[in-house]
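Atoms considered below: every heavy atom in the structure, side chains included; atoms not considered: hydrogens, waters and symmetry mates. We count ligands from 1, going down the list as the structure has it; atoms in each ligand are counted the same way.
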Amino acid sequence: MNSSERIRQAAILIERCRRLVVLTGAGVSRESGVPTFREKGEGLWSQYDPMQVASITGFLADPVASWRWHEHLRDLCRQAQPNPGHVALAQLERLLPQVVLVTQNIDDLHQRAGSTDVVPIHGTLMRNRCFFDCLGDPTYLTEEEMEPGFPDDGVPRCLFCGRWARPDVVWFGEMLPPELIDRAVGECRQADVLLVVGTSGIVQPAASLPYLAKEFGAHLIDVNPNRSGITAIADVWLEGPSGEILPQVVEAVRLLREEKISSHAE
Ligand code: APR
């Protein structure tokens, strides 16, 4: 089956579904200039040790180094713009009764592209919270507060208690916020279609969501230029960059919808 036939096959599954769940990983942001984690040679984890920069133990060992890494990635994400793949996913909300977008990404690009029901299961880099969870509430920083106004020891402070702040992201070895993962699991159990975009399908518990969705009867579509941990169980594999593939899928869904409307009108 050639790629346009696969696009049409995916569009037919999406157009007729009532509950679409999307699961994205770093690949969907790659065409915005945000690096992935495991891309051969250029992924973030080929340049940095995740246990040093993105874990509790790493932060405690050297909070300044961890903050430098997060600030670098935060600057990259803030300068990045949503790409056509992010925009296409947001457009799907106008074509379908329900679209829930579960993302492993912490770059806020889905929200900036206009997606309105986003479940950021790994948190967001655009917000700090108290390392000691003094209020339990993440503190949204204003633009100027986001500037690297590092206090003397190089570690940003909690705006409420004055002790260390940390980015409001999930680090390796940490539990995901229960309300977010519970929502993601609940939506995948009810999904008619799970559209998986740009994830290697390696990191748990996100990597289990496609298997769960399939077990509860969902059709799986995998958008990825490479085979991932999901491809083997996907009904349709759309092989290519999501920034090119997703706009084609959305256009095909739109045309199918128009055909349906005009056939009803006759
Ligand atoms: N379009 C779609 N997918 C792409 C593109 C693209 N243009 N370019 C690369 N990819 C795919 C790669 O083939 C790979 O399968 O994106 C995937 C990125 O995989 P990872 O780098 O492992 O990122 P991700 O799956 O999001 O990692 C999950 O691991 O380190 C943790 O918390 C981090 O959320 C992250 C989690």
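Ring geometry for Trp164 versus Phe131: interplanar angle over 60°, hence perpendicular rather than tilted (30 to 60°). The aromatic rings of Tyr48 and Trp69 stand perpendicular to each other, their planes meeting at an angle above 60°, with 30° marking the opposite boundary.
Within 4.0 Å of ligand 1, counting heavy atoms only, the contacting residues are Gly25, Ala26, Gly27, Arg30, Glu31, Thr36, Phe37, Arg38, Glu39, Trp45, Gln104, His122, Phe172, Gly198, Thr199, Ser200, Val203, Asn224, Pro225, Asn226, Pro241, Ser242.
Between Glu187 and Arg183, at least one side-chain N (NZ, or NE/NH1/NH2) sits under 4.0 Å from a carboxylate O, which counts as a salt bridge.
With sequence neighbours excluded, no residue forms a side chain to side chain donor-acceptor pair (under 3.5 Å) with Glu215.
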(message) side-chain hydrogen bond (donor to acceptor under 3.5 Å, both in side chains) for Thr199 and Gln104? Distances and angles first, verdict last.
(response) CA-CA 9 Å; Thr199 184; Gln104 301 171 87; 2.9 Å; yes
(message) Let's go through Gln111 and Ser115 carefully: what are the C-alpha distance in whole Å and the side-chain angles of both, what is the deciding distance for side-chain hydrogen bond (donor to acceptor under 3.5 Å, both in side chains) to 0.1 Å, and is it a yes or a no?
(response) CA-CA 5 Å; Gln111 295 88 330; Ser115 287; over 6 Å; no
